[in-house]
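Since the model is a prediction, treat every value here as computed from it, not as a measurement. Just follow the structure's listing: the first ligand is 1, and inside any ligand the first atom is 1.
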Amino acid sequence: MSERNFKDDLPVFQVYGNLDYLDNAATTQKPRCVIEAVEKYYREENANPLRGLYGLSVKATEAYENAREAVRRFIGAKSVREIVFTRNATESLNLIAYSWGRANIHRGDELLVAISEHHSDLLPWQTLARETGAELRFLECDKQGEYTAEALKAALTPRTKLFAIAQVSNIFGRINPIKEFAEICRANGTVTVCDGAQSVPHTPVDVRDLGVDLLAFSGHKLYAPMGIGVLYGREELLEKMPPFLFGGEMIEYVTRESASFAELPHKFEAGTVNVGGAVGLRAAIDYINSIGFDEITAREDRLTALAFEEMSRLPYVHIIGSEKANEHHGIISFTVEGVHPHDVAAVFDADGIAIRAGHHCAQPLHQFLGVQSSARMSLAFYNDESDIERFTETLKTVRRRMGYDG
Ligand SMILES: Cc1ncc(COP(=O)(O)O)c(C=O)c1O
């Protein structure tokens, strides 16, 4: 593991010299190379892509499609036809629910959703169930955040058409055994939707090895700009799915009454696309590849263990999920006895430390755990020991600053 100071690569840390940014699960900060790639695109290559017959438009098209190829390679997809650009993970998941869902789900079918899902991987299925008359069911984990193959097998029935689960929960930070789950689902004829929003930025993801049918993630949690996301889908599945949004770019031929649609992946990319975002995503992927996931996960896991150890020493701090540090990959959600998580976050903010507080868009999980809300610290590879030191020093003072004796 190198001793390189990665913060030098991110201008925000020069702008705010003492920023301790521990809200990386919400969004990540942007490396200089990403900011510069987006700026260069808008300075030198901007035009409406995919439809132009002039040089600049061709450049924009190349920039966009090269980004798609970079994403394909990054997640090990077979073909660029399997990579659809969206706005974010939320839009990718909604696309599945509207397109695949409306074509395949009927009254009497079952949709199985993990209880720890982010609202973005729950509400599309809730709505789909309500509109089609399908039944929405939940797979529960234990209090440590563990899902088992046995529980999944027991929950699946011949009517279960879909299973939706995050590879890494944004509350627990635990890696779910997606490969095993996808295999179980495949044997049952159940489509597996994997929410990769918290895994793709932090751990190598190979969609063919995992065997998932569909995978969603956001660029902005992956050091890329906001407004660009990805939907991966197995080609045979995407091929059969109807378009989600209709309009320019996604058509082949249009008459007054009807239209035929473009080939994959363009049939899912209606309207003018976000080339700048895609260019930024490609730059982010190149940057991540230049560091390597061995280094990224080693750094994040080491810092997680350090924070976990310090937090475990404080009797009034309760960590949500696993009691083992190595089952929290860069995410530790917690409560402080007697102090509302918003007050916890306010104390941290006063010390220049950014953490998240609230329900983290996972209210059913908080209800399941019997916790109103929580605070969360989440890491990226550019965090370092001094961030953890400052975090624990402030954590030790929270109760005192809220008027408690100890
Ligand atoms: C696990 C998970 N899924 C989905 C999302 C939604 O991501 P976005 O808001 O970028 O669509 C998030 C965001 O926090 C998340 O943590």
Side-chain angles (χ1 to χ4, degrees), residues 21-30 34 71 75 84-98 113-127 138-139 141 145 147 162-176 178 181 192-203 205 210 212 214-232 244 274 277-278 280-281 284 300 320-321 328-333 341 345 354-366 368-369 373-380:
Y21 187 76
L22 298 175
D23 195 20
N24 293 284
T27 198
T28 51
Q29 297 300 336
K30 313 307 171 199
V34 169
V71 172
I75 60 168
V84 178
F85 282 125
T86 60
R87 280 190 305 139
N88 46 38
T90 303
E91 185 174 292
S92 301
L93 293 162
N94 274 274
L95 192 162
I96 303 167
Y98 276 92
V113 179
I115 190 67
S116 52
E117 290 317 276
H118 187 283
H119 295 163
S120 294
D121 198 26
L122 167 60
L123 272 61
W125 317 124
Q126 260 182 13
T127 311
F138 290 91
L139 184 70
C141 53
Y147 291 95
L162 169 135
F163 175 47
I165 185 166
Q167 190 172 15
V168 171
S169 141
N170 62 317
I171 308 290
F172 293 131
R174 186 175 185 138
I175 301 180
N176 291 316
I178 297 298
F181 288 1
T192 306
V193 173
C194 180
D195 176 351
Q198 298 295 350
S199 59
V200 174
H202 303 286
T203 182
V205 169
L210 283 181
V212 294
L214 298 144
L215 172 92
F217 62 95
S218 295
H220 71 93
K221 295 183 197 287
L222 186 71
Y223 318 103
M226 294 186 181
I228 188 82
V230 173
L231 169 65
Y232 156 81
F244 166 46
N274 181 1
L281 179 55
E300 292 175 356
I320 293 178
H328 292 261
H329 295 275
I331 292 178
I332 308 180
S333 302
I355 64 162
R356 181 83 186 265
H359 51 65
H360 318 296
C361 300
Q363 278 183 313
L365 178 64
H366 279 85
F368 172 71
L369 296 170
S373 57
S374 57
R376 179 185 71 191
M377 64 90 80
S378 54
L379 298 161

**Leu281 and Val230, any side-chain heavy atoms less than 4.5 Å apart** =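 Yes, at least one pair of side-chain atoms sits under 4.5 Å.
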
**Asked** Do Leu122 and Pro364 come close enough that some side-chain heavy atom pair is under 4.5 Å?
**Response** yes

Can you produce the list of protein nitrogen or oxygen atoms under 3.5 Å from a nitrogen or oxygen of ligand 1, alongside each distance?
unit_1	atom_1	unit_2	atom_2	d
ligand 1	3 (N)	Asp195	OD1	3.3
ligand 1	3 (N)	Asp195	OD2	2.5
ligand 1	10 (O)	Ser218	OG	2.6
ligand 1	10 (O)	His220	NE2	2.7
ligand 1	11 (O)	Ala89	N	3.4
ligand 1	11 (O)	Thr90	N	2.9
ligand 1	11 (O)	Thr90	OG1	2.5
ligand 1	14 (O)	His118	NE2	3.4
ligand 1	14 (O)	Lys221	NZ	2.6
ligand 1	16 (O)	Gln198	NE2	2.7

**Request:** Kindly write out the residues that satisfy ring-ring contact (aromatic ring centres under 6.0 Å, His included) with His366, not counting sequence neighbours, or none if the list is empty.
**Result:**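 Testing His366 for ring-ring contact (aromatic ring centres under 6.0 Å, His included), a comparison that skips the adjacent residues, returns His360.
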
**By ring-ring contact (aromatic ring centres under 6.0 Å, His included) - contacts of Phe85 (at least two apart)** =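 Testing Phe85 for ring-ring contact (aromatic ring centres under 6.0 Å, His included), a comparison that skips the adjacent residues, returns Tyr64.
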
**Item:** For Ala97, side chain to side chain contact (heavy atoms under 4.5 Å, CB included) partners two or more places apart
**Value:**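 If we apply the side chain to side chain contact (heavy atoms under 4.5 Å, CB included) test to Ala97, skipping adjacent residues, the hits are Arg102, Pro124, Trp125.
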
**Message:** Main chain of Ala26, side chain of Lys221: is a donor-acceptor contact present, judged purely on distance under 3.5 Å?
**Reply:** yes

